[in-house]
Q: 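The structure's right below; bear with me while I get my questions together.
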Amino acid sequence: MTGAHAPHHLDAGRDREVPPRVGRVEPDPPLVAEGTTDDPTLETIIDTVIDWFGHHGRDLPWRHDGTTPWAVLVSEVMLQQTPVVRVLPRWTDWMQRWPTPADLADAPTAEVLRAWDRLGYPRRALRLQECAQMIVREHGGVVPRGIEALRALPGIGEYTAAAVTAFAHRERAVVVDTNIRRVLARSVQGLALPAPSYSAAERALATRSLPPQPPRSVAWNQAVMELGALVCTARSPRCAQCPLAEAGCAWVAAGSPAAPEGSRRRQAFEGTDRQLRGQIMAVLRRDGEATHAALLTLDAADPERVARCEASLVADGLAVRSAGRLRLP
DNA sequence: AAGGCGGGGTC
DNA sequence: GACCCAGCCTT
């Protein structure tokens, strides 16, 4: 890490001169890579969004020049379903404590779970440590290159493999997260929101939208994700501040139609096993262990549920039984 | 394709 | 109180 605190435009600035204005300011590279396009509207969108990122992108620490591929991978895992602001302090502490895969591989798992704190989905912490161990054992302690090798690591799926390829290795990758899905759904497809489940058609659209070569592809990955996070948000999109509103956004052009009345029932959380598991893990993080009797007080009305959750935590490797108590592994 | 899996901020 | 968040994994 250089320690530099260059304001904004970190990645775009490093990868490519930011175009001074909307529109094409230089010829594109030959369209050799699969999934590229010569659609002028799409080209305008790409240049516009990259330019916007140069001025408005956040100065996030894992974007700093010199951040190791491992540190980028850790950030991506932490960011799986957890907002940036909550990840920031945990990531900083984590990387200071365990800077390399070998460091994390050798750490006591109980300490790993404690350091994960309340980021949620603590199975991710277990998988991250397993991931570090696999990197040490099978890749000489170095984060491997290539989507296939990355996806073989525990906890690394399609998105994270692509994100590590783009943001750590600076190679071309089809990165599609919830932000990018939403920006493409609106700006290209004219939809208020993407469909609930990710489709092959969306993957094809993202592939088609991706510039043919790095560093421009990487700048696009980063910029479009940031636009979705800061401007083209799920709930109240800030279209007045959006560089695409008058540069070809299909949704705005269509009059920003509302989403069809969605009956997507979300899972409830109150009263679920997921909630109780979280409460049990909070006790274990604090005390290291707990008796069954103590855990029963978390839901005195339903001892079966407590027992079920304890058992599932053990089955997941998040806790172990020892001397009649539940404790961190 | 659907459902489980945390936790907290926001509207 | 419902919705959302740089998803992954199993069924």
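Lettering follows sequence order; numbering is per chain, from 1. Note that the coordinates shown come from a computational prediction; the quantities given were computed from them, not determined experimentally.
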Q: Touch check for A/Ala234, heavy atoms < 4.0 angstrom, all strands: base, sugar-phosphate only, or nothing?
A: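 Answer is sugar-phosphate: A/Ala234 comes under 4.0 Å of backbone atoms only.
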Q: A/Leu193 has an atom CG; how far is it from atom P of C/dC3, in whole Å?
A: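 So the two atoms are 12 Å apart, to the nearest Å.
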Q: Taking A/Val218 as the fixed residue, which of A/Gln213, A/Arg170, A/Glu171 is the one that meets the side-chain contact (heavy atoms from CB on, under 4.5 Å) rule?
A: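 One option only clears the test, and that one is A/Arg170.
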Q: With a 4.0 Å cut-off, would you call A/Arg114 and A/Asp117 a salt bridge?
A: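 Salt bridge flag = no for A/Asp117 with A/Arg114.
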Q: Quick check on C/dC8: is either OP1 or OP2 less than 4.0 Å from any side-chain nitrogen or oxygen of A/Arg127?
A: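 Looking at the OP1 and OP2 atoms of C/dC8, neither is under 4.0 Å from any side-chain N or O of A/Arg127.
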Q: Once you round it to whole Å, what is the distance between P of C/dC8 and CG of A/Leu119?
A: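 Rounding to the nearest Å, CG of A/Leu119 and P of C/dC8 are 16 Å apart.
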Q: Select base, sugar-phosphate, or nothing to describe what A/Ile156 touches, counting heavy atoms under 4.0 Å on all strands.
A: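 A/Ile156: backbone/sugar contact only, no base atoms under 4.0 Å.
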Q: Atom CE of A/Met78 to atom C1' of C/dC5: distance rounded to whole Å?
A: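 It works out to 16 Å between those atoms.
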Q: C/dG7 base to A/Arg124 side chain: any donor-acceptor pair below 3.5 Å?
A: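 A donor-acceptor contact between them is absent.
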Q: Taking atom types as they are modelled, would you say the side chain of A/Arg235 forms a donor-acceptor pair with the base of C/dC3 within the 3.5 Å cutoff?
A: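 Indeed, a donor on one side and an acceptor on the other fall under 3.5 Å apart.
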Q: Using heavy atoms to find the nearest nucleotide of DNA chain B for A/Ser236 and A/Leu318 separately, return the residue whose nucleotide is more 5′.
A: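 With A/Ser236 and A/Leu318 compared, the 5'-side residue is A/Leu318.
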Q: Any salt bridge between A/Glu310 and A/Arg277, counting N to O under 4.0 Å?
A: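 No salt bridge links A/Glu310 with A/Arg277.
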Q: Please check the phosphate of C/dC5 (OP1 and OP2 only) for any side-chain N or O of A/Arg182 closer than 4.0 Å.
A: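 For C/dC5, OP1/OP2 do have a side-chain N/O of A/Arg182 under 4.0 Å.
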Q: So does A/Arg181 get a side-chain nitrogen or oxygen closer than 4.0 Å to the phosphate oxygens (OP1/OP2) of C/dC5?
A: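 No, because none of the side-chain N or O atoms of A/Arg181 sits under 4.0 Å from OP1 or OP2 of C/dC5.
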Q: For A/Arg151, answer base if it contacts any base atom (sugar-phosphate contacts may also be present), sugar-phosphate if it contacts only those atoms, and nothing otherwise; contact means non-hydrogen atoms under 4.0 Å.
A: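 No contact.
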Q: Return the value, rounded to whole Å, for the distance between atom CG of A/Leu126 and atom P of C/dC9.
A: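 After rounding, the reported distance stands at 13 Å.
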Q: Please give the distance between the P atoms of C/dA6 and B/dC11 as a whole number of Å.
A: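 The same atom, P, in both gives a distance of 14 Å.
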Q: Go through C/dC5, B/dC5, C/dA6 for me and flag the one nearest to the A/Trp62 side chain.
A: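 Within the option list, the nearest is C/dA6.
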Q: Taking B/dG6 as the reference, what is the distance to C/dT10 when you measure between their P atoms (whole Å, please)?
A: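 So the two P atoms sit 15 Å from each other.
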Q: Between B/dG8 and C/dC8, how far apart are the P atoms? Round to whole Å, please.
A: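 23 Å, rounded to whole Å.
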Q: Grab the CG-P distance between A/Leu113 and B/dG6 for me, whole Å please.
A: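 So the two atoms are 12 Å apart, to the nearest Å.
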Q: Side chain of A/Met225, heavy atoms from C-beta onward: which of C/dC8, B/dG7, C/dA6 has the nearest atom to it?
A: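 Within the option list, the nearest is C/dA6.
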Q: Would a distance-only check, ignoring hydrogens and angles, find a side-chain to backbone donor-acceptor pair under 3.5 Å from A/Arg172 to A/Pro212?
A: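 Yes: the side chain of A/Arg172 pairs with the backbone of A/Pro212.
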Q: Can you identify which nucleotide, out of C/dC8, B/dG6, B/dG7, has its nearest atom closest to the A/Arg86 side chain?
A: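 The closest nucleotide is B/dG7.
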Q: If you measure only the distance, is there a donor-acceptor pair under 3.5 Å linking the side chains of A/Thr48 and A/Asp51?
A: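 No, no side-chain donor-acceptor pair sits under 3.5 Å.
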Q: Quick one: A/Glu202 CD to C/dG7 C1', roughly how many Å, whole number?
A: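 Interatomic distance, CD of A/Glu202 to C1' of C/dG7: 14 Å.
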Q: At less than 4.0 Å, is any side-chain N or O atom of A/Gln80 found next to OP1 or OP2 of C/dG7? Yes or no.
A: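 A/Gln80 to C/dG7 OP1/OP2: no side-chain N or O under 4.0 Å.
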Q: So does A/Thr178 reach the base of C/dG7 with its side chain, donor to acceptor, closer than 3.5 Å?
A: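 When only heavy-atom distances are counted, A/Thr178 does not reach the base of C/dG7 through any donor-acceptor pair under 3.5 Å.
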Q: Touch check for A/Thr160, heavy atoms < 4.0 angstrom, all strands: base, sugar-phosphate only, or nothing?
A: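 Since only primed, P, OP1 and OP2 atoms lie under 4.0 Å of A/Thr160, the category is sugar-phosphate.
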Q: Whole-Å distance between B/dG3 P and A/Tyr121 OH?
A: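 To the nearest whole Å, that distance equals 14 Å.
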Q: Consider the side chain of A/Gln81, meaning its heavy atoms from C-beta on, and name the nucleotide among C/dG7, C/dA6, B/dG7 that approaches it most closely.
A: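 So the side chain of A/Gln81 is nearest to C/dG7.
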Q: Atom CZ of A/Arg274 and atom P of B/dC5: how far apart are they, to the nearest Å?
A: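 Spelled out: CZ on A/Arg274 to P on B/dC5 is 7 Å.
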Q: With nearest nucleotides of DNA chain B determined for A/Tyr198 and A/Thr82 from heavy-atom distances, which residue corresponds to the more 5′ nucleotide?
A: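 That would be A/Tyr198.
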Q: Categorize A/Arg308 for me: base, sugar-phosphate, or nothing, with a 4.0 angstrom heavy-atom threshold over every strand shown.
A: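 Nothing, no heavy atom under 4.0 Å.
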Q: Both A/Asp177 and A/Gly155 contact DNA chain C. Taking the nearest nucleotide for each, which residue is further toward the 5' end?
A: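 Its nucleotide being nearer the 5' end, the pick is A/Asp177.
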Q: Decide, yes or no, whether a salt bridge links A/Glu43 with A/Arg216 under the criterion of side-chain N to carboxylate O below 4.0 Å.
A: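 Result for this pair is yes, salt bridge flagged.
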Q: Say whether A/Arg327 and A/Ser322, considering side chains only, have a donor N or O and an acceptor N or O under 3.5 Å apart.
A: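 Side chains of A/Arg327 and A/Ser322: pair found under 3.5 Å.
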Q: Search all heavy atoms of A/Ala162 against all heavy atoms of A/Val175 and return the closest pair with its distance.
A: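 Scanning both residues, the minimum pair turns out to be O-CG2, 3.6 Å.
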Q: Could you check whether A/Arg277 gets within reach of a base, just the sugar-phosphate, or nothing at all, counting any heavy atom under 4.0 Å?
A: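 Sugar-phosphate, no base atom in range.
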Q: Take atom C1' in B/dC5 and the same atom in C/dC5, then report the distance between them in whole Å.
A: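 14 Å, rounded to whole Å.
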Q: At 4.0 Å (heavy atoms only), tell me whether A/Gly120 reaches a base, stays on the sugar-phosphate, or touches nothing.
A: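 If one applies the 4.0 Å heavy-atom cut-off, A/Gly120 turns out to touch a base.
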Q: Assign A/Val77 to base, sugar-phosphate, or nothing according to its heavy-atom contacts below 4.0 angstrom with the strands shown.
A: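 Here A/Val77 touches no strand at all.
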